[in-house]
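First up is the structure itself, then whatever we jot down about it.
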Amino acid sequence: MRPQRRPRFQELDAMGLPEERGRSGSESRGQEEAGAGGRARSWSPPPEVSRSAHVPSLQRYRELHRRSVEEPREFWGDIAKEFYWKTLCPGPFLQYNFDVTKGKIFIEWMKGAITNICYNVLDRNVHEKKLGDKVAFYWEGNEPGETTQITYHELLVQVCQFSNVLRKQGIQKGDRVAIYMPMIPELVVAMLACARIGALHSIVISWNQGIDLWWHELMQEAGDECEPEWCDAEDPLFILYTSGSTGKPKGVVHTVGGYMLYVATTFKYVFDFHAADVFWCTADIGWITGHSYVTYGPLANGATSVLFEGIPTYPDVSRLWSIVDKYKVTKFYTAPTAIRLLMKFGDEPVTKHSRASLQVLGTVGEPINPEAWLWYHRVVGAQRCPIVDTFWQTETGGHMLTPLPGATPMKPGSATFPFFGVAPAILNESGEELEGEAEGYLVFKQPWPGIMRTVYGNHERFETTYFKKFPGYYVTGDGCRRDQDGYYWITGRIDDMLNVSGHLLSTAEVESALVEHEAVAEAAVVGHPHPVKGECLYCFVTLCDGHNFSPKLTEELKKQIREKIGPIATPDYIQNAPGLPKTRSGKIMRRVLRKIAQNDHDLGDTSTVADPSVISHLFSHRCLTIQ
Ligand code: WTA
C-alpha cells in the first residue's frame, strides 16, 4: 500500500516545535525515599502494583536473575515450553563463542528446533488459547475519529491472505521483502505474513517506483488459509538497518526462536502484563521498539494494544491522554523526547484527562533526564505508576537493563538492573572488569536469546563492531556508571554516534550527505545539547572555492540531509568553517569542535592542532541561534 506519508512520531522535533508555553519542572515526593549522604532518591514500587505482579519483590527478582544467568539453558528451556514447537531442540539448547581470539563469533539458541513465530503469536492464540474475538489492535488514525479495530481472528485471516499474496508473487523462505507503510494494521499484517512464509522482512522509508505493488489490488483474490513455513529456531526472521559509526548502515539480523522467547518474556515481565491490559507503545513499527513491543512482544502474550498513526501534538497537545482515556490504556511506553516535548505545555493538557486506567509507564531510546522522569511520574502517572526506564538496542532485540514494576525501587534517570539472562559488566580502557562503584564501557558477558546473530552480508563487521575491542564481551558502545547501590546509569554513546530524539545517527553518515553537495569540500558534525531532542546536530562545513555561504545554501544542505537520511537528521546549526581543527596527521578534532559549538573555551590539550588559528576563527563565527 502506498498512502500519503505523514510525519512520524519520532520525527516531530525535526519539524520544529510549536511555540513554547509555561514550563513545569517542580519535583514530586510520592513514595520517594531520600537516601542518606546525598544518594540519589529512590521510589519504591507501589504496594498495589507489587501485590499482583509477576515479580513482587526485589528479592524475588534477584533469585530469578541469579538462576537465569547461572543456568541459562534451564531458565530459557522452561520458558520455551510455553511455545509451540513442531520439533523440539534436538541438540544443545545454547552454543556460542563471544571471544574473537578463540575463533568465529557465533550464537545459537535451540538450533534444530522447528517452529514458526507467526503461528505462535496468532494461530496458537486463536485456536489453543481461544483469543479469536479478543482485540489485537485498536487503531487510531491521525485524524480523531478515524479508527478501526482488529481481533486476533481477523488478524490471522488477513495474515493468511497476505501470505498467499506473497507466495503468489513467488516469494519463498529466505527471501527478503522490503515493506513501506505507515502505522496501520496492514503493516503488522505484512510483517507477520513474511514471518509466516519464512521470508525476512525489512521495513524501509522510501517507495520504489516500478517494483512496489498496491495492497488492495493484491488482497482481493487471496485465499484466507495458509500453512506456515516451518523454520529452524536459528533461521533469520528480519533485518533492521541501523546507523553505523563509520557511516554505512548495518543490517541487524534477528532469528526466529531466540527473538520470540526474548521479546515475549521481556514484554510480560517489564510491563507486568496481565490479560486485561491495554498496552500502548508509541514507537514507529519501522524501529526495533515497534518490531518488539508493537508487533511481536504484545501478540506473543495475547495482548490488546493501541496502534497510533498520528503525532502527540495533533489536533492538540493533549492527544495522547485523550487516547489513553478512550481505550483505557493500562501500560504506556514512549520516548524521553516525547515527554520533554509535552512537558513544555505544562500540566493542564495532561490533567484535564482522567488517566485513571494507567498502571505502568515506560521510556526508551536515550537517557531520560531526571526532570523529565519526575514530570512523567508526577503529572502523567499521578505518582502512582512505576516507570520502567528500559535500556536496550536494535542489536539486543529486547530490554537489557530495566526496572520491573512490582519489584525494583526506581531512581530517576537510572535503567536500574539487568533483565533475566543479562550479565552486564563495566570495563576500563584496558578491558578489566570494574567492581562496585565504577564508570566505563558497558558490555555483556554472555548471550541472551534476543541478541542479533550477524550483520547482514558482513559477519566480519559484526565481529569488529561488537566483539573486537574487548574479546569475550559484547560491547554496547555506551558508557555507563554503577552507583553504590549497584544501579546502572547510561552516560551516553562513546563512539561517533549521536542520539537525536532517541534515534541513533552517525556523524559520518551526516558528513557524507553534506559533502555530496557540490558546494561542500569538507564537513564535520558534532552533537550539541538540545532541551527536547536531547542532542541535535551542529555542522561545520568548508566550502569549495567559488561558493558563498548563504541562507539559501544552508536550506539546500538541510534539504539534502533530509532526503538522504531523513527528517530526524535535519541539523539545527550549520557553520561556515574556512578551516577545521586537525591533527598533524589530518584527523578532524571533533572534541575541539564540540567545545566550539558550546562556546566552551576550556579546550584541554590543543598542542596537536596543526593550525591553532582556525580555532579562534570558528569561536568568533559561532552560530548563536537555531537556523
Ligand atoms: C540509547 C533503541 C539510555 C543507547 C531501543 C543505545 C538508551 C541506543 C536507552 C540504542 C535508555 C536506548 N537509557 N540510553 N533507556 N534506550 N538508549 O538501536 O545509546 O535505536 O545504545 O535502540 O539508544 O538505540 P536503538
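We're numbering straight along the sequence, starting at 1. Keep in mind that this is a model prediction, so the values were computed, not measured. Start at 1 and go down the list; that is how both ligands and their atoms are numbered.
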Where ligand 1 meets [X] - atom numbers and elements under 4.0 angstrom, heavy-atom basis:
X    : value
V364 : 5 (C)
I490 : 3 (C), 14 (N)
T390 : 9 (C), 11 (C), 15 (N), 16 (N)
Q393 : 6 (C), 10 (C), 18 (O), 21 (O), 22 (O)

How far is [atom] from the closest protein heavy atom, and which atom is that?
atom                    : value
atom 19 (O) of ligand 1 : D478 OD1, 2.6 Å
atom 3 (C) of ligand 1  : P367 N, 3.0 Å
atom 10 (C) of ligand 1 : W392 O, 3.5 Å
atom 9 (C) of ligand 1  : E366 N, 3.5 Å

Between OG of S414 and CG of L401, what distance do you get to the nearest 0.5 Å?
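Spacing of OG (S414) from CG (L401) equals 8.5 Å.
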Does atom CD (Q598) have a neighbourhood of more than 12 heavy atoms from anything else shown, all under 6.0 Å?
yes
Looking at R176, I'd like to know if its CZ atom is crowded, meaning that more than 12 non-hydrogen atoms belonging to other residues, nucleotides or ligands lie closer than 6.0 Å.
no
Could you say whether the N/O atoms of [X] and ligand 1 ever approach to under 3.5 Å?
X    : result
T289 : no
T242 : no
T394 : yes
T363 : no

Taking the six-membered ring of Y487, is NZ or CZ of K411 closer than 6.0 Å to its centre and within 45° of its axis?
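The answer is yes, since K411 meets both limits relative to Y487.
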Looking at W321, I'd like to know if the NZ or CZ of R355 sits under 6.0 Å from its six-membered ring centre while staying within 45 degrees of the ring's axis.
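Output no; distance or angle outside limits.
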Residues K533, E366: salt bridge by 4.0 Å N-O rule
no
Indicate, as side chain, backbone, both or neither, the part of [X] found under 4.0 angstrom from ligand 1 when only non-hydrogen atoms are considered.
X    : answer
A415 : neither
R493 : side chain
N499 : side chain

Within the structure, is a non-hydrogen atom of G365 found at a distance of less than 4.0 Å from ligand 1?
yes
Are any of the side-chain heavy atoms of V294 and S305 separated by less than 4.5 Å?
no
How about Y296 and Y259: are their ring centroids closer than 6.0 Å?
yes
Among side-chain atoms of E429 and Y441, is any donor-acceptor pair under 3.5 angstrom?
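Yes, Y441 and E429 have a side-chain donor paired with an acceptor closer than 3.5 Å.
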With F279 as reference, evaluate F267, F137, F332 under the ring pair (Phe, Tyr, Trp, His ring centres under 6.0 Å) test and give the passing residue.
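With F279 as partner, ring pair (Phe, Tyr, Trp, His ring centres under 6.0 Å) holds for just one option, F267.
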